[in-house]
Each structure stands twice: as C-alpha cells, then as structure tokens.
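Residue numbers run from 1 in the order of the sequence given. Just so you know, ligand 1 is whichever comes first in the structure, and atom 1 is the first atom listed for that ligand. Keep in mind that the numbers below use all heavy atoms, side chains included, and drop hydrogens, waters and symmetry copies.
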Amino acid sequence: MSNIVVLGTQWGDEGKGKVVDVLTPYVDVVVRYQGGNNAGHTVVVGREKFVLQSIPSGILHPGRRCLIGCGVVVDPASLIQEMESLVQRGIVLDGNLFISKNAHLILPYHPALDRASEAKLGNRRIGTTGKGVGPAYVDKAGRVGIRMADLLDERLFREKLEYNVTQKNRLLRDIYDAPTFSVEEILIPYLRFAGWLAPYITDTALLLARWIDAGYSVLFEGAQGTMLDVDHGTYPYITSSSTTAGGASTGTGVPPTKIDGVFGVSKAYTTRVGGGPFPTELHGEAAELIRVRGNEYGAVTGRPRRCGWFDAVVGRYAVRLNGCEALALTKLDVLDQCDVIKVCTGYRYEGELLTEFPVEERIWAAAEPVYEELSGWQTSTAGARTLGDLPAKARQYLDRLSELVGVPFGLISTGAVRDDTILCEDSPLTGWFPALRSSLR
Ligand code: GDP
Ligand code: IMO
Ligand code: MG
C-alpha cells in the first residue's frame, strides 16, 4: 500500500479537489497537511457541487477516514459550518473525521489583523483571502498560538486568550487603527465550539502511525500550490504555510520515510488569485476567453482569477522541488476552442534566457516569457475516457508539456465531474494504486 502526496504545482486552484476525489476510492485515509479555510476545493458529484475548505476532499466517499493534520490552521466557526452543511447533505462525519490536537486555531483577531495589514500594505498588498491564515501562522511560529488541545482545557484557553487579546488589541488599536476585541466575546463562543468539536479532536499523528503500520494507505491532500509556498513560492506574495511536499511530513507527523510518492496537479493553463508575479499572465480578451470557459472565479472569495498560458518553467520548478513523479493535468477542455495555444519555455531577462524560476523580485517584474506555439485541436474533448479518445493535437500538446516538465501524466481531466477523467496506463499511478488497474478503460 502506498502513501502519496497530491499537491498543486502552480498558484492554487489546479483542481486538487477533483483529483483527490477521483483517487480516494483507492486509499483508506485522506489527510490535509497545511493551509486553512483559505482553500476552496471543489468536487462535483453528478449535479451536486461541494466546496471543501478545511475538511479533506475524500470525505464524500463513505467510510474513508479524513484527517485535519497539525499543519492546518482551523477556524472553528468556519469548520463547524462546513461540517453542518455536509451532514445536511447526507455525509457521515462521525467515525470518519479526525482533527489534530496540535492544529492551531484561527481566532477572531486573526482575520481582523489580516485585513488591517492588507489595508496598510497599499499597492504591495498580498491580496489574501482575509481568513486570518497568515496571522495564525505568525502566532504559531511566534510561540503564542493556541492549539486545539488548549481549546479543550478551559483554564489554559482563558489564560492564553487573555494574553493574546491584550497584545493583539495593542496592535489593532495603535498600529492599524482598527476595532479591538474583549476576551469574553471570544471565550464564550469558542467554549461552545470546543464542546462541539471535542469528539473529533485527537492525536492524529499517532492514529496515522498505527494505520500505516496496519497497512492502510494514506493520501496527503495539499492546499494552495507550490508557487504559494512560504519558502519556495513568490515571496512575499505567498500563503504562510509549507504547501510543497515536505509540508506533508511536518504537517501530519508522518515521517518522510513513510511517504512513497508525489503526484502534482497542474491546470492545462495557469491562474492566480491575488497579487504577485505571474509571468505568463494574459490581459483583455485573451484572458477573458479562458476565464469564462474555465469559470475562473475564486471558490472562496468569488474574485476573478488572473489567467495565462501554461508555464513550463514553473512546471519544472514544481517537479524538482516536490519530487513529483507524475502530474495530473486538469481543465484540458477549457482550451478546446483555441486555434493557437502557447507554452512558456523560458524567460528573457536582460538579453539572457532563463530556464530556471528566478528568486529575485526584480527579475520577476522584468522577465519576458519566451513562448512556443502549438496548434489547437478545436474539437470537444468532453467525454474522452482514454488518451486514444483525445484529438491528435491534444495528445501532441500533452506530449510536449510532459517533455518540457520532465515527467509523465497519470491523469487527464476534461470536465469537473468524476467521469470526465482519463487514468493513464503505464504511469506511476498504477504502481501506487494497484486497484486502479481495474478502472482503466
Ligand atoms: P482546487 O482548489 O485545486 O481544488 O481547485 P478549485 O476547486 O478551486 O478550482 C478548480 C475548478 O475547476 C472547480 O470549479 C472544479 O470543479 C473545476 N474543474 C476541475 N477539473 C476540471 C476540468 O477538467 N474541466 C473543467 N472544465 N473544470 C474542472
Ligand atoms: P486552494 O487550496 C488560490 C492566495 C490568495 C493570496 C495568497 C495569500 O483552493 O488552491 P492567504 O489568505 O492564504 O494569506 O492569501 O494566497 N491563496 C490561494 N489562491 N487557491 C488557494 O487555495 C489559495 N489560498 C490562498 O489569493 O494571493
Ligand atoms: Mg481552490
């Protein structure tokens, strides 16, 4: 049985939710390892659409155990709302959902600080989701964070909250000129949340260790994407967690020696929400065409996503950093009508050709993408079930992307629903998930 990481290779919203949902039948456990309710993972089942924020996308498959690991930051009000909405739609959580005792809490002053900081940054603002994720990770690294286990200990929770509210109020009032909080207005609802969540809170690292020893297979579900990683992304235009493969280990307590593979998820083009560099960004009509066909509006904030061509420099960078052995390519259908499709193979900077993603902000601002043009297939890819069902030019596009990023594709997605998926034979997927062979058509 294999334990596999599934993560985004671009700036998020690559279709991780769909890919995790498609692969969940082949694993026993799905665990989220970082991020929080800034994530919006969409899963479409028949005519029903689910947007998962803090709960793993595997939850829609009955009997799969879904864990929220210690690397995740949890907003209890948002999580409870997500849980209630799933239960109302017939999803069973009891016995299937487990929350780490070590996961840090998002408290009401975190979104307040997030918004206040963004307002102060002016044109250098990040364009965050405003969910308080960054400030919650600041407190975690600063050793003043409050964890799930603390929430279950009323005396300790009150003590930590009192300290934090005093500090945060100073920041909010004196630095940001923003409204402050009283301890009681947070304490009372949070103690209610504690009662609600208590049955789900446990030592998830220990559970995972026992399950892995017993032969269960685990899928690690990444949120956001490689280019938003706190270390390896386009800093400071990033989210505040380790979105890359290493985060799967630190964010769950499963040692790297127990992780068997990494499966990256890419869109057939690129999108980004919020500020920061985006070398292949398109503007005007060209961007609008992709945005409309791909319905590129944020699942969490509803913001229009910035759209551009596939960037193979980013693709190679993500493959190298994460050790991806294969990729899933989603939303191929969105390019169905294009007559010409461009792929970025490098950047031109001060007369030099760069083929590795640069670290310097000054280079991002001035780097010009170098494109290769491929001719579009201009036929529908909807309903394709095997690679052979795809138009020849679509296969050529896939072959060229795979050659440029240096790894094969294991899954191609041509629509939001489960059925619009091609599982590729002769890819690492069949080794990771032997039962998947019987699903190959
Ligand atoms: P995630 O955050 O990586 O899970 O991605 P999002 O859910 O934020 O965004 C992906 C969007 O594309 C969702 O609305 C999905 O339902 C949709 N989607 C996923 N795969 C495909 C596909 O192959 N084709 C089309 N047209 N839509 C897809
Ligand atoms: P999923 O998991 C796309 C972006 C925000 C902003 C930056 C920092 O659905 O792919 P934050 O609120 O995290 O401090 O914002 O990161 N961002 C995402 N972009 N998909 C996401 O999640 C994102 N989560 C955060 O737009 O630019
Ligand atoms: Mg998303």
Side-chain angles (χ1 to χ4, degrees), residues 6-22 32 34-45 48-54 56-57 72-73 75 106 110-111 113-115 117-118 125-138 221-230 233-241 243 264-278 290 292-306 328-336 380-382 384 411-422:
V6 175
L7 49 71
T9 59
Q10 297 161 321
W11 279 277
D13 301 329
E14 297 90 347
K16 299 175 292 294
K18 162 161 182 181
V19 172
V20 170
D21 174 67
V22 165
R32 268 280 304 271
Q34 45 67 236
N37 58 330
N38 50 351
H41 296 179
T42 313
V43 179
V44 181
V45 186
E48 279 204 77
K49 177 170 137 176
F50 297 83
V51 179
L52 285 315
Q53 291 192 258
S54 300
S57 304
V72 176
V73 287
D75 179 328
I106 296 179
H110 290 130
L113 286 165
D114 195 352
R115 287 191 296 266
S117 153
E118 284 283 274
R125 71 182 170 276
I126 314 299
T128 71
T129 59
K131 302 289 183 190
V133 167
Y137 281 114
V138 166
E221 176 178 356
Q224 289 81 50
T226 300
M227 304 310 283
L228 290 170
D229 183 274
V230 64
T234 47
Y235 192 92
Y237 301 98
I238 46 105
T239 191
S240 303
S241 64
T243 60
V265 184
S266 288
K267 262 181 201 170
Y269 48 95
T270 313
T271 62
R272 169 162 211 176
V273 205
F278 180 178
I290 295 183
V292 169
R293 267 200 65 86
N295 192 22
E296 294 296 353
Y297 297 90
V300 174
T301 58
R303 290 179 288 178
R305 293 173 180 154
R306 299 159 65 192
L329 196 79
T330 63
K331 305 192 93 160
L332 186 66
D333 55 300
V334 173
L335 302 181
D336 281 354
S380 172
T381 52
L411 184 158
I412 307 293
S413 174
T414 60
V417 297
R418 286 174 176 169
D419 259 1
D420 283 340
T421 309
I422 299 171

Under-4.0 Å heavy-atom contact with ligand 1, by part of Asp333 that carries it: side chain

Please identify which atoms of ligand 1 are closer than 4.0 Å to at least one heavy atom of Thr414. 23 (O), 24 (N)

For Thr239, is at least one N or O under 3.5 Å away from an N or O on ligand 2? yes

Given that the side chain starts at C-beta and the backbone is N, CA, C, O, which of these parts of Leu228 lies under 4.0 Å from ligand 2, counting heavy atoms, or is it both or neither? side chain

For ligand 1, does Lys16 get within less than 4.0 Å through its side chain, its backbone, both, or neither, judged by non-hydrogen atoms? both

In terms of atom number and element, which parts of ligand 1 are under 4.0 angstrom from non-hydrogen atoms of Lys18? 20 (N)

Considering both backbone and side-chain atoms of Thr128, is one of its nitrogen or oxygen atoms within less than 3.5 Å of a nitrogen or oxygen in ligand 2? no

Polar contact flag for Thr129 and ligand 2 (N/O pairs, less than 3.5 Å): yes

Which N, O or S atom of Asp13 lies nearest to the Mg ion (ligand 3), by name: OD1

Please confirm if an N, O or S atom belonging to Gly40, backbone or side chain, lies less than 2.8 Å from the Mg ion (ligand 3). yes

Would the distance check show the side chain of Arg272 and the main-chain N or O of Gly275 forming a donor-acceptor pair, the cut-off being under 3.5 Å? yes

Under 3.5 Å between some N or O of ligand 2 and some N or O of Asp13? yes

Under 4.0 Å from ligand 1, counting heavy atoms only, is it the side chain of Val43, its backbone, both or neither? neither

